[in-house]
Amino acid sequence: MMRTHRCGELRLEHVDSQVTLTGWVNRRREHGEHLAFVDIRDHSGVTQCVVDNDVDVRAEYVIKVTGTVVARTGDTINSDLPTGEIELKPCEVEILSIAEPPPFPMDQRADDVDEMIRLKHRYVDLRRARMQKNLRVRSQVNASIRSAMVGQDFVEVETPMLMPSTPEGAREFLVPSRQRPGNFYALPQSPQLYKQLLMVGGLDRYFQIARCLRDEDLRADRQYEFMQLDMEMSFVDVDDVLSAAEVGVLDAAEAVTGVRPDSVERMTWHDAMERFGSDKPDLRFGMELIELTPIFASTEFKAFSTAGSIKCIRVEQGADQYGRNKLDGLTDEAKSFGAKGMVWLKVRSGEAGLEFDSPVAKFLSADEIAAIIATTEATEGDLILVIADEWATTCEVLGELRNRIGRPPVSEGPYKYLWVTDFPLFVGVDATTGRPKPGHHAFCQPHPDDLDKLESDPMSVRAQAYDLVLNGWELGSGSIRIHDPKLQRRVFELLGIDEEEADKRFGFFLEPFKYGAPPHGGFAYGIDRLAAILAGEENIREVIAFPKPQSGMDPLTNAPGAVDDGLLEELGIRLLPPAT
RNA sequence: GGUCCCGUAGUGCAGUCUGGAGUGCACGCCGCCCUGUCAAGGCGGAGGUCGCGAGUUCAAAUCUCGUCGGGACCGCCA
């Protein structure tokens, strides 16, 4: 080794020993002809070296320093620094690499730098304490999860990156085949198909820290490629999967934060929608939806009399915070989420007790006003936002408004883990075929209590499907799968997929189930998202070494780029002229 | 495909509403000074296609239109 210690390691106990450190010049401070301080930095920290001022080292030079550890005295001790009680003196400095000045500050100030500049020089950005911490958090997460899975007898299996294209789900990245020009592989959106085949193959418990790829627009919590802990188990029910999946998540959280979270709360999808207007509710704050429908059973107010579901949220002491402009903004937002409108009521005290300041106050009867105030437990100065629509719209719109008004940044504590269970098997109806659309995917096992309603009332059938939610972010989802070909056929029929079409689209997947498929189910959750939240970041790019910006163009490598005609020729590909 | 926000020195900003010479601040950089600093200090200096292109105007960083780049969100992500 070129070094005897790392730059953040030395303490008083090392005094008098001769050491060698290697790292980058963090900062140099000159003090006249024969004195300068050079702070040498690596991922572990910084150590001050006392050198002669004729040593010409500058920011980010890579150096090797050999010297004696000496104790600092009096007010030269720096209590802000773990190594602040010692320094290296005298020192021999060897320059291993010179460096141009970094394109942005190496300290916290770079957090404000345009992210494109950080990404263009990611190799420099990665040297900063924040990125060092984040990548190490991520590594801890991976290690904890892997050992939690292995500890529960899960078998790690790598599944192919080159697989057939399947029309369902997200847009895929395609890979042209050289040996069969005109044909394409697809990169996996998830190892879903293979992991179920592993169950048929008797692996019993499978896991993989799997790279998944989806060619959909990027967001703060979405990249083209992302990592999932993917798992599948045989001979299990929902509880078995949730319990097994939890271990890795909680272990990872404990490893990073030092605190083991309480076991994960559970809530049905229906309750989540009723109470929070979201299938990924953020439980760090209240402001739950309040049911008002019965109050308006025979109302004169047209906007309410025709609505199937009327609910509200109460913003405590929000009346003054939300002026006309902000309320108009919220109304626009409510409309953009599908509501016909939004009613706001500011609670104030009048002659006969509490009353409403609102454009629609005159349409409400005294009984209705009293009932609203009683039901919401409103007090003077509160703001009440009411949505009246069909049940799903009412809930979803209020859920969005609730988040908009009350939700803290995802990375802020406390951490609230939640299992949302019993998702509906079908969501909505396909506009062209008139058939129900699968809520999760077509292979979810219906809830056993609802099996007899499959044909008679499909929209009310619950699936044995579940999501894991952390602070309002969906970490992952899973289900118990259909292992019985007869039940699978029933579901396909409901979806309007006949046997021939099922064979064509899913044949290679369904055929194996004829050969003895065990009952099985599984789960997958996003490691980028978990790592980001545990690292205190609001954007998964901060826990990815080389992420892509929203355009998908990598400013570091300039990918994607054009390729030589010869390569295309070999693949049997001819490009169309650019669209105008 | 859509909505909103941003683009001025290596970096972060002010200036833009209300047009008047690239007017300015902080950090960084270069040089000099400085023997106890630690996001050192002092003095001096260099550094600009105001994203790009049109238009309006005597005059555009500033107003208008277009375009490119970035971000958040909606759609999309079974």
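Chain letters run A, B, ... following the sequence lines, proteins first and then strands; every chain starts at 1.
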Expressed in whole Å, how much space separates the [atom1] atoms belonging to [N] and [M]?
N	M	atom1	result
B:U67	B:C43	C1'	46 Å
B:G24	B:A61	C1'	13 Å
B:C74	B:U8	C1'	32 Å
B:G66	B:C4	P	13 Å
B:G51	B:C6	P	13 Å
B:G31	B:U16	P	37 Å

Give a yes/no answer on whether the side chain of [X] brings an N or O atom under 4.0 Å of OP1 or OP2 in [N].
X	N	answer
A:Q550	B:A72	yes
A:R541	B:A72	yes
A:R27	B:A40	yes
A:N26	B:A39	no
A:S551	B:G70	yes

On a plain distance test, is the side chain of [X] in donor-acceptor contact with the base of [N] below 3.5 Å?
X	N	result
A:D114	B:G12	no
A:R72	B:C38	yes
A:R219	B:G75	yes
A:R222	B:C77	yes

RNA chain B contacts among residues 28-54 of chain A, heavy-atom distance under 4.0 Å = A:R29, A:E30, A:H31, A:G32, A:E33, A:L35, A:F37, A:D39, A:Q48, A:N53
Under the side chain to side chain contact (heavy atoms under 4.5 Å, CB included) criterion, do A:L88 and A:T68 qualify, and how do the steps go?
-> CA-CA 5 Å; A:L88 257 54; A:T68 307; over 6 Å; no
Just name whichever nucleotide pairs with [N], Watson-Crick or G-U, keeping both distances under 3.5 Å, else none.
N	result
B:C17	none
B:C4	B:G71
B:A40	none
B:U62	none

Distance (rounded to the nearest 0.5 Å) between A:I77 CD1 and A:R72 CZ | 8.0 Å
Interatomic distance, A:L385 atom CG to A:L327 atom CG [nearest 0.5 angstrom] | 7.0 Å
Would you sort out whether A:R29 and A:Q48 count as a side chain to side chain donor-acceptor pair (under 3.5 Å), showing the intermediate values?
-> CA-CA 10 Å; A:R29 296 174 295 277; A:Q48 173 166 284; 2.8 Å; yes
A:F285 six-ring face occupied by A:R402 cation (under 6.0 Å, within 45°) = yes
What nucleic acid atoms does A:D107 come within less than 4.0 Å of, heavy atoms only: base, sugar-phosphate, or nothing?
-> base
